[in-house]
Undergrad: 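Right, I'll just put the structure down here and ask away after.
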Amino acid sequence: MDETAATTAAPRGGVAEAVGALPAPFRGGELALAELRKKDRTLKVMCRLASGAVLAGPGGVLPHDDIIGQMPGQVLRTSAGKRLLLRRPSLEEYVLLMPRGPTIAYPKDVSAMLMMMDVHPGDTVLETGSGSGAMSLFLSRAVGPKGRVISYEIRDDHHNLAKKNYRHWRTAWEIGHMDEWPDNVDFILRDISTAAADMKSVTLDAIVLDMLNPQSALPVVHPSLKQGGVCAVYLANITQVIDLLDRIRTCKLPFLCERIVEVTHRNWLVLPAKIKDCKSSQMVETQENIEEPPQKEYEEIHIEDQAVLKESEYSGSLSDDAETYRSVPYIARPSYWQEGHSAFLTKLRKFRPLLS
């Protein structure tokens with residue numbers, strides 16, 4: 001181990017610490033996510049913290065000054081007495097709650113496309129269709145500080161919104177974390193079909209096409225894509241996929257279609273069973289709730305259609321005794337609310353034709 005590595009790994013105060021591992025309290029200027037949990041759903045509100053401002057929602061008012069200085073995960077009460085869970089939003093939550101113009105590429109689809117392209121830190125990736133900036137942010141994280149994302153957008157309003165959302169996330173990240181979010185996305189306001197000269201100067205590891213007519217971009221961008229590289233295409237309708245593949249065939253473009261998929265998630269509910277009789281429906285009795293006052297020990301909460309269990313206020317926390325858990329039977333079933341269709345993802349692989 002060299003001297004630098006030894007210095008980095010040396011424990012402080014006798015306890016080894018990982019860089020960036022220590023939690024930090026909320027500070028002004030960063031993003032906070034407030035969760036108001038109701039019986040049938042959870043309401044999420046995202047805000048940028050500023051001294052003197054207030055968070056206003058269906059659960060009442062909470063001054064930002066009460067949040068600043070608190071640690072993420074803290075539960076605070078609003079002016080109406082409602083309990084809010086405060087924490088930092090994940091990137092997935094940010095792109096779902098940030099201002100948007102066009103429909104975003106949903107995180108479930110983005111994850112699949114990143115796997116399709118096998119994006120690595122240090123890669124150079126082309127994105128056509130900046131939209132609201134959702135894909136740009138995920139690509140920025142995937143390629144890392146040594147990578148580069150080139151994002152083309154033809155519409156001025158979409159171009160400006162994508163840059164704004166990207167800038168707001170980076171600013172908030174740098175306030176609340178010890179490391180900086182990489183400044184590695186070049187937003188370009190231009191029609192990709194007219195950017196052939198730009199493409200000659202770059203070598204691309206992967207391409208993402210999120211536009212109405214991706215077939216118009218393929219002749220321009222494919223010469224810059226490395227041999228064996230992947231072009232992932234995001235299309236709403238299967239007829240668009242057919243048009244894309246027909247253009248590849250008729251123009252004899254060097255792409256093989258490897259996959260056409262939809263990404264679906266099946267949400268489930270897992271919650272304590274209830275015994276029903278002719279008069280009422282009540283929770284299965286355990287030794288614990290026989291000894292306690294007759295209050296509900298569990299409350300069903302839906303977070304994005306997934307049920308979790310919430311202990312009643314009087315019970316504090318559940319016992320670690322395994323027998324206590326087994327004394328309450330559980331029931332599991334698919335949620336009534338399931339996510340619908342969002343897009344068809346088409347994976348195209350560039351190949352080198354045989355020489356005649």
Undergrad: Given 3.5 Å as the limit, does a donor-acceptor pair link the side chain of S111 with the main chain of P107, or not?
TA: yes
Undergrad: Is a donor on one side and an acceptor on the other found under 3.5 Å between the side chain of N160 and the backbone of D156?
TA: yes
Undergrad: Can you check whether I104 reaches L96 side chain to side chain, under 4.5 Å on heavy atoms?
TA: yes
Undergrad: Are more than 12 heavy atoms from other residues, nucleotides or ligands located less than 6.0 Å from atom NZ of K108?
TA: yes
Undergrad: Main chain of G59, side chain of T78: is a donor-acceptor contact present, judged purely on distance under 3.5 Å?
TA: yes
Undergrad: For S151 and S130, run side chain to side chain donor-acceptor pair (under 3.5 Å): C-alpha distance rounded to whole Å, both residues' side-chain angles, the deciding distance at 0.1 Å, then the answer.
TA: CA-CA 6 Å; S151 183; S130 305; 2.5 Å; yes
Undergrad: Taking all non-hydrogen atoms of both residues, which atom of P25 and which atom of E30 are closest, and how far apart?
TA: O-OE2, 3.6 Å
Undergrad: In the single-linkage hydrophobic clustering (I, L, V, M, F, W, Y; side-chain heavy atoms under 4.5 Å), do L97 and W181 co-cluster?
TA: yes
Undergrad: side-chain contact (heavy atoms from CB on, under 4.5 Å), that's the test. Do L212 and Q240 meet it? Break it down for me.
TA: CA-CA 8 Å; L212 290 176; Q240 293 174 295; 4.2 Å; yes
Undergrad: Output the distance between atom CZ (R37) and atom NZ (K44), rounded to the nearest 0.5 Å.
TA: 8.5 Å
Undergrad: Do D205 and K226 have side chains that get closer than 4.5 Å, going by heavy atoms?
TA: yes
Undergrad: Using the ring-ring contact (aromatic ring centres under 6.0 Å, His included) criterion, which residues pair with H177? Sequence neighbours excluded.
TA: W173
Undergrad: Is there side-chain contact between L218 and L348, with at least one heavy-atom pair below 4.5 Å?
TA: yes
Undergrad: Can you find a pair of side-chain heavy atoms, one from R190 and one from D198, that are under 4.5 Å apart?
TA: yes
Undergrad: Report yes or no: do W169 and V110 belong to one cluster of Ile/Leu/Val/Met/Phe/Trp/Tyr joined by side chain heavy-atom distances under 4.5 Å?
TA: yes
Undergrad: Go through the steps to decide whether E35 and R87 satisfy the test side-chain contact (heavy atoms from CB on, under 4.5 Å), and finish with yes or no.
TA: CA-CA 8 Å; E35 290 187 354; R87 58 184 178 83; 2.6 Å; yes
Undergrad: Count I, L, V, M, F, W, Y as connected when their side-chain heavy atoms are under 4.5 Å apart, and connections chain through other members. Are V119 and L137 then in the same cluster?
TA: yes
Undergrad: How close do G73 and L85 get, counting heavy atoms only, and between which atoms?
TA: O-CD1, 3.4 Å
Undergrad: Going from OG1 on T128 to CD1 on I188, what distance comes out if it is rounded to the nearest 0.5 angstrom?
TA: 12.0 Å
Undergrad: Do Y94 and H168 pass the side-chain contact (heavy atoms from CB on, under 4.5 Å) test, and can you show the C-alpha distance, the side-chain angles, and the key distance before you say yes or no?
TA: CA-CA 10 Å; Y94 175 74; H168 282 179; 3.6 Å; yes
Undergrad: Quick one: does any side-chain atom of R48 pair with a main-chain N or O of G29 as donor and acceptor, under 3.5 Å?
TA: yes
Undergrad: For K82 and L36, which heavy atoms make the closest approach, and how far apart are they?
TA: CB-CD1, 3.9 Å
Undergrad: What's the separation between atom CG in L256 and atom CG in L253, rounded to the nearest 0.5 Å?
TA: 11.5 Å
Undergrad: Is it the case that the side chain of S224 and the backbone of M199 share a donor-acceptor pair, with hydrogens and angles ignored and the cut-off at 3.5 Å?
TA: yes
Undergrad: Taking all atoms of both residues into account, what is the closest heavy-atom pair of I260 and L245, and its distance?
TA: CD1-CD1, 4.0 Å
Undergrad: Hey, does the side chain of R349 reach the backbone of G228 with a donor-acceptor pair shorter than 3.5 angstrom?
TA: yes
Undergrad: Looking at residues at least two apart in the chain, or sitting in another chain, which of them share a ring-ring contact (aromatic ring centres under 6.0 Å, His included) with F344?
TA: H341
Undergrad: Could you tell me if N237 and T239 have a donor-acceptor pair between their side chains, going purely by distance under 3.5 Å?
TA: no
Undergrad: Taking the side chain as everything from C-beta on, heavy atoms only, tell me whether E127 gets closer than 4.5 Å to L139.
TA: yes
Undergrad: Once rounded to the nearest 0.5 Å, what's the spacing between atom CG of D109 and atom OG1 of T264?
TA: 10.0 Å
Undergrad: Tell me if a side-chain donor or acceptor on R167 pairs with a main-chain N or O of T171 at a distance below 3.5 Å.
TA: no
Undergrad: Any sub-3.5 Å donor-acceptor pair from N184's side-chain atoms to G144's backbone N or O?
TA: yes
Undergrad: Nearest 0.5 angstrom please: D191 CG to M211 CE, how far?
TA: 6.5 Å
Undergrad: For residues V202 and R148, determine if any side-chain heavy atom of one lies less than 4.5 Å from a side-chain heavy atom of the other.
TA: yes
Undergrad: Under 4.5 Å between side-chain heavy atoms, hopping through other hydrophobics if needed: is there a path connecting L114 to V233?
TA: no
Undergrad: Which atom names give the shortest non-hydrogen contact between P214 and L244, and what distance separates them?
TA: CG-CD1, 4.2 Å
Undergrad: Tell me whether the count of non-hydrogen atoms from other residues, nucleotides or ligands lying under 6.0 Å of CZ in R259 goes above 12.
TA: no
Undergrad: Is it the case that one hydrophobic cluster holds both I150 and L161, taking links as side-chain heavy atoms less than 4.5 Å apart, direct or via other members?
TA: no
Undergrad: In Å, rounded to the nearest 0.5 Å, how long is the span from CD1 of I242 to CG of L235?
TA: 11.0 Å
Undergrad: Counting N and O atoms only, with roles assigned by atom type, does the side chain of N165 sit under 3.5 Å from a partner on the main chain of S132, one being a donor and the other an acceptor?
TA: yes
Undergrad: Can you name the closest pair of heavy atoms from E93 and R88 and give their distance?
TA: OE1-O, 4.5 Å
Undergrad: Can you list the residues that meet the ring-ring contact (aromatic ring centres under 6.0 Å, His included) rule with F255, with sequence neighbours excluded?
TA: none
Undergrad: Counting only N and O atoms by type, is there a donor-acceptor contact under 3.5 Å from the side chain of S79 to the main-chain atoms of V61?
TA: yes
Undergrad: Please tell me if the side chains of Q70 and L86 come closer than 4.5 Å, counting only heavy atoms from C-beta onward.
TA: no
Undergrad: Going through the distances and angles, do L209 and I192 end up as a side-chain contact (heavy atoms from CB on, under 4.5 Å)?
TA: CA-CA 10 Å; L209 302 181; I192 188 63; over 6 Å; no
Undergrad: Less than 4.5 Å apart, side chain to side chain, heavy atoms only: is that true for L126 and Y152?
TA: yes
